[in-house]
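Everything on this sheet refers to the single structure shown next.
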2 protein chains.
Amino acid sequence: MGISETMKAVSDPQRRTILTLLKGSRLSAGEIAAHLPDLSAATVSYHLSILKKATLVREERYKNYIYYELNASVFEQLLLYFSQFIEEPNEENP
Amino acid sequence: MGISETMKAVSDPQRRTILTLLKGSRLSAGEIAAHLPDLSAATVSYHLSILKKATLVREERYKNYIYYELNASVFEQLLLYFSQFIEEPNEENP
DNA sequence: CCTCAATTTCGAAATATATCTAAATAGATA
DNA sequence: TATCTATTTAGATATATTTCGAAATTGAGG
């Protein structure tokens with residue numbers, strides 16, 4: 001929990017690649033690793049654990065596999081956070 | 001430039017404090033440092049340089065001071081980036 | 001031109017992060 | 001139950017980040 005944790009999780013390029021993969025579809029850890037040929041399976045697992053702690057993804061076990069999927073609600077929190085810096089000044093409320 | 005750089009810049013709590021301060025008003029480096037009593041002026045300067053490189057803030061020199069202010073357009077890019085993970089699936093376009 | 005104040009830059013140290021290989025775990029199925 | 005496969009955990013290491021105090025820089029004003 002915590003927006004710092006979420007942002008740190010999302011600021012890593014490899015983890016953003018994982019998030020982008022999961023945008024399309026639910027994938028197992030192994031399928032995700034197959035899309036990241038520069039990383040070992042252990043490293044992919046490490047990144048998934050970071051994303052999971054930040055609740056950016058959920059895991060679901062099926063047979064021998066662990067499937068990961070996005071948790072969209074956390075992205076809404078990020079959107080909300082950043083929108084505060086854009087809101088135009090309100091002249092009614094000086 | 002680059003969204004990684006921007007996100008890394010914004011993922012640090014001290015730097016987010018600085019951004020929040022600047023939401024209200026343009027401030028000099030010294031004024032910002034005064035709001036962050038746990039950090040040395042040198043450290044604040046370091047954080048400002050990170051925010052500047054990420055173009056999250058602009059600097060403007062006046063007399064002996066360097067004033068900093070937010071650059072809202074970069075926050076719009078962040079918003080755009082995160083919104084891709086929220087967009088609902090489009091049934092017209094399978 | 002000298003000095004003061006504001007800020008940055010430098011060099012060093014502590015902490016955190018990303019990565020690997022090897023070992024451990026969990027579950028499926030022969 | 002023995003073993004195979006998918007995945008995670010552990011331990012180690014290299015790199016990156018945050019921080020400090022001290023020194024350098026910049027500009028203002030006497």
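By convention in this document, chain letters (A, B, ...) are assigned in the order of the sequence lines, proteins followed by strands, and residues within each chain are numbered from 1.
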Qualifying residue for side-chain hydrogen bond (donor to acceptor under 3.5 Å, both in side chains) with B:H47, from B:Q14, B:K52, B:R15: B:R15
For DNA chain C, the residues among residues 29-37 of chain B that have a non-hydrogen atom under 4.0 Å from it: B:A29, B:G30
Assess whether atom OH of B:Y81 is packed by more than 12 heavy atoms of other residues, nucleotides or ligands within 6.0 Å. yes
Set out, in order, the CA-CA distance, both residues' side-chain angles and the distance that settles side chain to side chain donor-acceptor pair (under 3.5 Å) for B:Y67 and B:E60, then state yes or no. CA-CA 5 Å; B:Y67 284 93; B:E60 214 168 316; over 6 Å; no
Do any N or O atoms from the side chain of A:T43 and from the backbone of A:L39 form a donor-acceptor pair under 3.5 angstrom? no
Between the protein and nucleotides 28-30 of chain D, which nitrogen or oxygen pairs are less than 3.5 angstrom apart?
none

Euclidean distance, atom OH of residue A:Y67 to atom C1' of D:dT5 [Å, nearest integer]: 13 Å
Nearest-angstrom distance from the residue atom CD1 of A:I66 to C1' of D:dT5: 12 Å
Under 4.0 Å: is that the gap between some side-chain N or O of A:Y68 and OP1 or OP2 of D:dT8? yes
Take the protein atom CZ of B:R61 and the nucleotide atom C1' of D:dT26, then report the distance between them rounded to whole Å. 7 Å
Minimum heavy-atom distance between A:L27 and A:L22, given as atom pair plus value: N-CD2, 3.8 Å
Can A:S4 and B:R16 be counted as having a side-chain donor-acceptor contact under 3.5 angstrom? yes
Mind calculating the distance between CE (B:M7) and P (D:dT17) to the nearest angstrom? 16 Å
Starting from C1' on D:dT19, measure out to CD1 on B:I18 and report it in whole angstrom. 13 Å
What string of B, S and - do you get for nucleotides 15-25 of chain C, 5' to 3', when a contact is any protein heavy atom under 4.0 Å? --SBBBBB---
Is there a donor-acceptor pair under 3.5 Å between the side chain of B:N71 and the backbone N or O of B:R58? no
Between B:V57 and B:L19, does the side-chain contact (heavy atoms from CB on, under 4.5 Å) criterion hold? Intermediate values first, please. CA-CA 8 Å; B:V57 305; B:L19 293 174; 3.9 Å; yes
Show the numbers, then the answer: is there a side-chain contact (heavy atoms from CB on, under 4.5 Å) between A:V10 and A:L56? CA-CA 9 Å; A:V10 105; A:L56 285 156; 4.2 Å; yes
Heavy atoms, side chains only, cut-off 4.5 Å: are A:Q84 and B:K23 in contact? yes
Can you tell me the distance, in whole Å, between the CG atom of B:L48 and the C1' atom of C:dT8? 10 Å
Contact check, side chains of B:F85 and A:T20, non-hydrogen atoms, under 4.5 Å: yes
Taking only the side-chain nitrogens and oxygens of A:S28, find out if one of them lies under 4.0 Å from OP1 or OP2 of D:dT7. yes
